[in-house]
Protein chains: 2
Amino acid sequence: MHITQHTDYALRVLIYLASNEQRLVTIQEISERFEISRSHLMKVVNQLIRNGFVEGLRGKGGGLRLARPPQQIAVGDVVRRMETDLALVECFHETSRCLLTSTCQLKGVLGAALEAFFASLDKVALSEVLGPSQRALLHVLKRAP
Amino acid sequence: MHITQHTDYALRVLIYLASNEQRLVTIQEISERFEISRSHLMKVVNQLIRNGFVEGLRGKGGGLRLARPPQQIAVGDVVRRMETDLALVECFHETSRCLLTSTCQLKGVLGAALEAFFASLDKVALSEVLGPSQRALLHVLKRAP
DNA sequence: TAAAAGAGTCAATCTAAATGAATCTTTTGG
DNA sequence: CCAAAAGATTCATTTAGATTGACTCTTTTA
């Protein structure tokens, strides 16, 4: 059971942006910091923008910033939107060829468990997964004029 | 996010065995019923036996049967023991090279979500995922002498 | 004691994720 | 206005892990 690195990177990007809320951050910078290839990271960021978590400003002097304050970004939401395939097992698909599909209750049971998984993640905001020092920084920034 | 087919098959095997509690079932039979290669299925069954869910009786006239009544087999337990790698993201590993690992709270948050996932599955017994007709059969069998 | 049944090993295959090169498009500072 | 900075898109390659199946044991009992 895994979450794709794509989603993993997305969370890292958001955490990084949250820790640098006061300025624009370029993909270049993030890719260097995390040692991830620029073009790969680009795709991750793209998806974050398309899903409304991040704002991307093009052109000279452009960069990235959170589209909403980190208190309003639920971790569960991010994972849900970044993971493209949430079909835990074959019988989640219409095309399932398992001969039990029609009668067995597994699909519902696993579906409920998946919901519990996301419900747990939904309770946590991006601002809460930052390290103590980063959170302190956030706090200071909020109090600044 | 996926569960391996290995685990998927394991659940199918258990369901099949639960629906045929009154007799021994051979791997051969299951592999034909589910159209899975015999040697592949063998590995799945092996793991089920090693984990104490199934009893395998060798030799002529042998076969498989549940090691415990299906009411005492939790779906969560099966998934937990069949899935070999439950490290959701890189930072679950000791060797994580993510520079956030030390400070960020993601690991704990995702870990808690995973627990919620399994807690949900633990509430369900194998006997509860059988189809209505199969469950009815179980019921009848229990009442028989 | 031979046949049935499970156990184990090994290598091939297949798939989806991950990667990265190359080429767009947009924007703005000078 | 236009060159440079920055994000957007496309495409092909690589890689890791899951899946598969052939082949060879070992155990057991009719």
Side-chain angles (χ1 to χ4, degrees), chain A residues 1-10 12-13 17 23-32 34-67 82-90 93 95 97-98, chain B residues 1-10 12-13 17 23-32 34-67 82-90 93 95 97-98:
Chain A
M1 211 161 127
H2 283 279
I3 276 176
T4 62
Q5 243 178 77
H6 210 70
T7 303
D8 188 6
Y9 287 164
R12 296 190 202 182
V13 167
L17 291 182
R23 65 184 178 90
L24 289 178
V25 177
T26 67
I27 288 183
Q28 184 70 40
E29 174 183 340
I30 302 177
S31 85
E32 281 166 13
F34 289 98
E35 295 174 21
I36 302 170
S37 97
R38 191 174 150 282
S39 40
H40 185 41
L41 192 58
M42 200 82 87
K43 283 151 211 162
V44 175
V45 168
N46 258 253
Q47 210 173 328
L48 282 173
I49 292 176
R50 266 186 272 115
N51 281 291
F53 295 115
V54 168
E55 267 182 343
L57 304 180
R58 293 181 173 197
K60 214 168 186 173
L64 308 170
R65 67 177 169 218
L66 291 183
M82 296 301 294
E83 286 291 304
T84 47
D85 185 2
L86 287 175
L88 282 181
V89 291
E90 180 185 340
H93 295 115
T95 57
R97 286 179 306 106
C98 172
Chain B
M1 213 161 125
H2 282 279
I3 276 177
T4 63
Q5 242 178 76
H6 210 69
T7 302
D8 189 5
Y9 288 164
R12 295 191 202 180
V13 167
L17 291 182
R23 65 184 179 92
L24 290 178
V25 178
T26 66
I27 289 183
Q28 184 69 40
E29 174 182 341
I30 302 177
S31 86
E32 280 167 12
F34 288 97
E35 294 174 22
I36 303 171
S37 97
R38 191 173 149 282
S39 41
H40 184 43
L41 192 59
M42 200 83 85
K43 284 152 209 159
V44 175
V45 168
N46 258 251
Q47 210 173 329
L48 283 173
I49 292 177
R50 265 186 274 114
N51 281 292
F53 295 116
V54 168
E55 267 184 341
L57 305 180
R58 293 182 172 198
K60 212 168 187 172
L64 309 169
R65 66 175 168 219
L66 292 183
M82 298 300 295
E83 286 290 304
T84 48
D85 186 0
L86 287 174
L88 282 180
V89 292
E90 180 185 340
H93 295 114
T95 58
R97 285 181 307 105
C98 172

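This structure is a prediction, so every number in the text was calculated from the model and none was measured. Note on naming: letters A, B, ... go to the chains in the order of the sequence lines (proteins, then strands), and numbering restarts at 1 for each one.
For the OP1/OP2 pair of D:dG21 and a distance below 4.0 Å, the side-chain nitrogens and oxygens of B:Ser37 include at least one atom meeting the criterion. Of the side-chain N and O atoms in A:Asn46, one or more sit less than 4.0 angstrom from OP1 or OP2 of D:dT9. Residue B:Gln5 places at least one side-chain N or O under 4.0 Å from the OP1 or OP2 atom of D:dT20. For the OP1/OP2 pair of C:dA17 and a distance below 4.0 Å, the side-chain nitrogens and oxygens of A:Thr4 include no atom meeting the criterion. Phosphate contact (OP1/OP2 of C:dA17, side-chain N/O of A:Tyr9, threshold under 4.0 Å): absent.
Following rounding to the nearest Å, A:His2 (NE2) and D:dA16 (P) show an atom-to-atom distance of 14 Å. In this structure, A:Arg38 places its CZ atom 12 Å from P of D:dA5, rounding to the nearest Å. To the nearest angstrom, C1' of D:dA6 lies 8 Å from CE of A:Met42. Across the protein-nucleic acid pair, A:Glu90 atom CD and C:dT15 atom C1' stand 15 Å apart, rounded to whole Å. Rounded to whole Å, the distance from CD on B:Gln47 to C1' on C:dA7 is 14 Å. Atoms NE2 (A:His40) and C1' (D:dC11) sit 16 Å apart, rounded to a whole Å. Rounding to whole angstrom units, CD1 of residue B:Ile3 and P of D:dA18 are separated by 13 Å. If you measure from atom CD1 of A:Ile49 to atom C1' of D:dG7, you get 7 Å, rounded to the nearest angstrom.
Counting only heavy atoms from C-beta outward, the side chains of A:Met1 and B:Ile3 approach each other to under 4.5 Å. Two residues are said to be in side-chain contact when any heavy atoms from C-beta on lie closer than 4.5 Å; A:Arg65 and A:Leu57 meet this criterion. Using a 4.5 Å heavy-atom threshold, the side chains of A:Ile36 and A:Val44 count as separate.
Place A:Gly61 and A:Arg58 on DNA chain D by their nearest nucleotides, and A:Gly61 ends up nearer the 5' end. Heavy-atom distances to DNA chain D give each of B:Thr84 and A:Val45 a nearest nucleotide, and the one nearer the 5′ end belongs to A:Val45.
Closest contact between the side chain of B:Ile27 and the listed nucleotides D:dA8, C:dG6, D:dA6 involves C:dG6. Closest contact between the side chain of A:Ser39 and the listed nucleotides C:dG6, C:dA21, C:dT19 involves C:dA21.
Judged by distance alone, with hydrogens and angles left aside, the side-chain atoms of A:His2 form a donor-acceptor pair with the main-chain N or O of B:Ala87 at under 3.5 Å.
One N or O donor and one acceptor, one from the side chain of A:Lys43 and one from the base of C:dG20, sit under 3.5 Å apart.
Note that CG of B:Leu41 and CD of B:Glu32 are 11.0 Å apart. Values are rounded to the nearest 0.5 Å.
The residue B:Ile36 sits apart from the nucleic acid: no heavy atom pair falls under 4.0 Å. Among the atoms of the strands shown, only primed sugar atoms or phosphate atoms (P, OP1, OP2) are found under 4.0 Å from some heavy atom of A:Gly62.
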